[in-house]
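Some notes on the structure that comes next.
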Amino acid sequence: MSGFLQIALDTPLRRVFDYRCPEGIDPSRLKPGTRVRVPFGKRRLVGVLLRHTATSEVPVDKLKAALEILDEEPLFDALSFELLCWSADYYRHPIGEVFAAALPVSLRAGSPLHEQIECWQLTPLGELEWPALPARSSRLRALAAAVARGANASELSEISPTWRAGLRDLEVRGWLKRELVAIQSTSVKIDPIPGHDLSEQQRVAVEAVLACCADTPVFRTFLLHGVTGSGKTEVYLRVIEKVIARGRQALVLVPEIALTPQLIARFEQRFRTPIAALHSQLNDSERLAAWRAARSGSARVVIGTRSAIFAPLPELGILIVDEEHDSSYKQQEGFRYSARDLAIVRAQRQGVPVVLGSATPSLESLARAEKQPGSLLSLPTRAGNAQPPSIRVVDLRRCASTEGIATPTIQAIQHHLESNGQVLLYLNRRGFAPVLFCPSCGWSATCRRCDARMTIHARDRKLICHHCGQEESIPERCASCDAPVKAVGQGTERIEDTIAHLFPGVAAARIDRDSIRRKGELESTLVRIHDGSVRILIGTQMLTKGHHFPNVTLVVVLDADQGLFGTDFRAAERLAQNIVQVAGRAGRAERSGEVMIQTEFPEHPLLMSLLQGGYSGFAAKALQERELAHWPPFARLALVRAEAAAMAHAMNFLDRARECATGHGAQVRILGPVTAPMARRAGRYRAQLLLHAPSHAPLQKLMPAWLAQLEALPEAKKVRWTLDIDPLELF
Ligand code: ADP
Ligand code: ZN
Ligand code: ZN
């Protein structure tokens, strides 16, 4: 027997580990992508076989043998496997963590792939005794009753979020038996019902994509730029229908599945089959079931959030990235990949088309589409008879206002309510007010652990830091001079109060992260909005995502100025996207809508280009600016962030990092190190170093040797540092 196994292990080390093959197993039988259990120090870990190697840097007598081969066949098809390896290399992230990110938790822990689910039954003792549980043990009673009925995991989780602990409790009493039952995956028959007659523009888009989906599909990136309500989803459905009819699978990525139940429902209705969903709100067994269905091919359509980009899909025929501009496609910690960018890589490697859809495409995607004639598909008008909304600016300098709502805005709300419309007020700031301020001495409440102000949360009677979560009670008097303090500025809670005061008796609902904390709360609010019992909606960015509010006739952007002067080079793009997305919620049905944008800077060039030229006008101007300034998409970036107990440690490390990088290539410019825009966060001091290059290649060339140097620096011991390739945010 010769050769060793090179294994990826879930550790933060940028390296792989060599093992001997277990006794009696022919290594040549093992294919890359197979899980292997290995000894690691005192622990046993589950890793993934990357490749066979003839020699090892570790002396043979020191090499340990792997303990167990966990899979008969590799978990990943060859192309999914290669995509993971490629991603680890591109993002310079430890490959073991990359594989871990791609696997459902139980597979990561070594559970068998094959089709088993956990089932529960009451024992005869349990059946006899549970009815005698006292009424105060209501959770256990409900769980026992549900198990007696044969409830499955998702039904049990509805009863109590701590249902697993409850079941253990029942088990300890000898009332419960669990067993693993094998399930067979069956191929689902899909029998779509016909959709709308396509508009001319939809037809052109569908045909362009389908031309790449013939018997031998070809890679191509399409950008479907369609205003909100223009029928993009209808285009996806049509394309997918044809692709699955040819025996292939479709992968649809969405930014946040919790917010788009409508999309799944629409797919299920149309294809008359359950859709495999992969997202973070699933419990592990549901996630595993969906993952398996994707892998076995029994799921023809998979809809998922970011990490679904790594799902094994042996017969993938089309990728769709809906709302491709959404920043949640980029993972912001750990393995910082962009699922949108990887969708393009995956499509290319698989040789199939990918469709990026948005009403407000990212500047990256617009620039790419410009370079490839024919790849921009536009749906400039709304589907059916819906009219685009009219947009006007409310100059806050010239109008009286009540707690952040200008008088013309109040009049417009009144008018729309009287004519039976619904009104949506958008403010991307949760809480009651962003500042607690002392008018006599100028003191304001700041976070002890961050360079940031505390936000007033009136409902919870707390000051909360939005950066580290620190909470304090709200003082009535100034900490510095003891004068009475006051709340300055508006958050969604305060707008809710003001609306209640201005429009007494009119039902309003607030949708933000605080108001939907409890499970089911968002859904029940959405129902009240759809049945018309709520007349005024107040919400954050959450409202801009995917919801259809057909009876909303007025949308108000309460504060456009937050984004106009942002420090990040993407601030303007974000603001334009938010305004256009939230405006798109208005007047979707037969009734035309109106949008009002409140600002103190009505002549701001960004707002002007947006009002005059729409999103495309804005984007053209913003792209010119990016090109002049050599920012992405006309350059590529990599950001090293460092944080430490003292700023000097972070800066010393980055100074050394900078020295190491100089001389690695003239094409890479090194900017910094500088302190982060928020220099102290959660008690840690933060600084960063930016690498800037005309393309990715020089960065990629520099990285391996440079990162090895950084890891070995003595200064590295005092900091926590991370690398972010193609960072979305520069802080
Ligand atoms: P988007 O995804 O661009 O927001 P949708 O696909 O959700 O747009 O379409 C918006 C609305 O228009 C939906 O109610 C949809 O059923 C309807 N619709 C889409 N295409 C057509 C069409 N060709 N004719 C009539 N109605 C359409
Ligand atoms: Zn004071
Ligand atoms: Zn804080």
Side-chain angles (χ1 to χ4, degrees), residues 193-206 224-240 252 254-255 260 262-267 269-270 320-324 355-361 377-388 435-455 462-472 475-486 488 530 544-551 580-581 583-590 678-686:
I193 53 175
H196 298 282
D197 289 335
L198 294 182
S199 69
E200 178 59 16
Q201 290 140 348
Q202 283 173 316
R203 196 186 53 73
V204 169
V206 169
L224 181 61
H225 180 188
V227 298
T228 325
S230 59
K232 293 185 291 297
T233 313
E234 191 61 40
V235 171
Y236 308 151
L237 287 163
R238 256 347 138 83
V239 169
I240 291 172
V252 183
V254 292
T260 45
Q262 293 113 316
L263 187 70
I264 295 185
R266 205 159 147 197
F267 273 70
Q269 247 169 30
R270 185 64 160 273
I320 302 220
V321 184
D322 192 27
E323 309 290 356
E324 66 87 29
V355 181
L356 311 178
S358 177
T360 53
L377 309 171
S378 297
L379 305 178
T381 53
R382 292 188 169 195
N385 298 318
Q387 291 300 307
V435 188
L436 183 69
F437 178 73
C438 169
S440 14
C441 79
W443 172 88
S444 62
T446 51
C447 176
R448 255 182 274 160
R449 308 168 68 214
C450 306
D451 292 337
R453 293 209 174 96
M454 302 285 277
T455 300
K462 275 181 196 144
L463 293 176
I464 302 179
C465 172
H466 284 188
H467 306 283
C468 73
Q470 175 85 9
E471 296 187 355
E472 279 164 29
E476 272 174 22
R477 310 193 76 87
C478 171
S480 162
C481 76
D482 209 39
V485 286
K486 68 182 230 187
V488 177
H530 284 283
T544 66
K545 297 200 175 178
H547 298 296
H548 295 198
F549 300 119
N551 294 316
V580 173
Q581 289 286 345
R585 309 297 130 196
R588 300 201 34 144
E590 312 292 273
M678 187 186 300
R680 191 174 53 112
R681 180 157 149 187
R684 312 265 299 169
Y685 291 85
R686 306 151 75 230

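For ligands, and for the atoms within them, numbers begin at 1 and follow the listed sequence.
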**Residues Lys232, Glu323; criterion salt bridge (Lys or Arg N to Asp or Glu O under 4.0 Å); working and verdict** = CA-CA 10 Å; Lys232 293 185 291 297; Glu323 309 290 356; 5.7 Å; no

**Asked** For ligand 1, which atoms, with element, lie under 4.0 Å from some heavy atom of Gly231?
**Response** 1 (P), 3 (O), 5 (P), 6 (O), 8 (O), 9 (O), 19 (C)

**Message:** With a cut-off of 2.8 Å, does His467 put an N/O/S atom close enough to the Zn ion (ligand 3)?
**Reply:** no

**Message:** Quick check on Arg382 - does any of its heavy atoms sit under 4.0 Å from an atom of ligand 1?
**Reply:** no

**Request:** Might you point out which heavy atoms bring His467 and Ala452 nearest each other, and give the distance in Å?
**Result:** CD2-CB, 3.5 Å

**Per atom 7 (O) of ligand 1, closest listed option by heavy atom (Glu323, Glu234, Arg266)** = Arg266

**Prompt:** At what distance, to the nearest 0.5 angstrom, does CG of Leu224 lie from OG of Ser230?
**Reply:** 6.5 Å

**Prompt:** For ligand 1, is there an N or O atom under 3.5 Å from any N or O atom of His196?
**Reply:** yes

**Message:** As a quick check of understanding, evaluate side-chain contact (heavy atoms from CB on, under 4.5 Å) for Cys465 and Arg681, giving each step before the final call.
**Reply:** CA-CA 10 Å; Cys465 172; Arg681 180 157 149 187; over 6 Å; no

**Asked** When rounded to the nearest 0.5 angstrom, what distance separates CZ in Arg585 from OG1 in Thr228?
**Response** 5.5 Å

**Fill in**
SG (Cys468) to the Zn ion (ligand 3) to SG (Cys465), nearest 10°, is 110°

**Item:** N/O/S atom of Cys450 inside 2.8 Å of the Zn ion (ligand 3), strictly under
**Value:** yes

**Prompt:** About how large, to 10 degrees, is the angle SG of Cys441, then the Zn ion (ligand 2), then SG of Cys481?
**Reply:** 110°

**Message:** Is there a side chain to side chain donor-acceptor pair (under 3.5 Å) between Ser444 and Arg453? Walk through the geometry before answering.
**Reply:** CA-CA 7 Å; Ser444 62; Arg453 293 209 174 96; 3.1 Å; yes

**Request:** State whether the shortest distance between N or O atoms of Gly226 and N or O atoms of ligand 1 falls below 3.5 angstrom.
**Result:** no

**Asked** How does Leu198 reach ligand 1, if at all, at less than 4.0 Å between non-hydrogen atoms: by side chain, backbone, both, or neither?
**Response** backbone

**Message:** Measuring from atom CG of Asp451 to atom CE of Met678, what distance do you get when rounded to the nearest 0.5 angstrom?
**Reply:** 7.5 Å

**Message:** For a quick test of reading the model, state the closest non-hydrogen atom pair linking Leu379 to Gln202 and the distance between them.
**Reply:** CD2-N, 3.7 Å

**Message:** Under 4.0 Å from a heavy atom of Asp197: which atoms of ligand 1 are those, numbered in the order shown and with their elements?
**Reply:** 22 (C), 23 (N), 24 (N)

**Message:** Tell me the angle that SG of Cys438 and SG of Cys478 form around the Zn ion (ligand 2), rounded to 10°.
**Reply:** 110°

**Message:** List ligand 1 atoms under 4.0 Å from Ser199, heavy atoms only on the residue side.
**Reply:** 23 (N)

**Side chain to side chain, Val227 and Arg382, heavy atoms closer than 4.5 Å** = yes

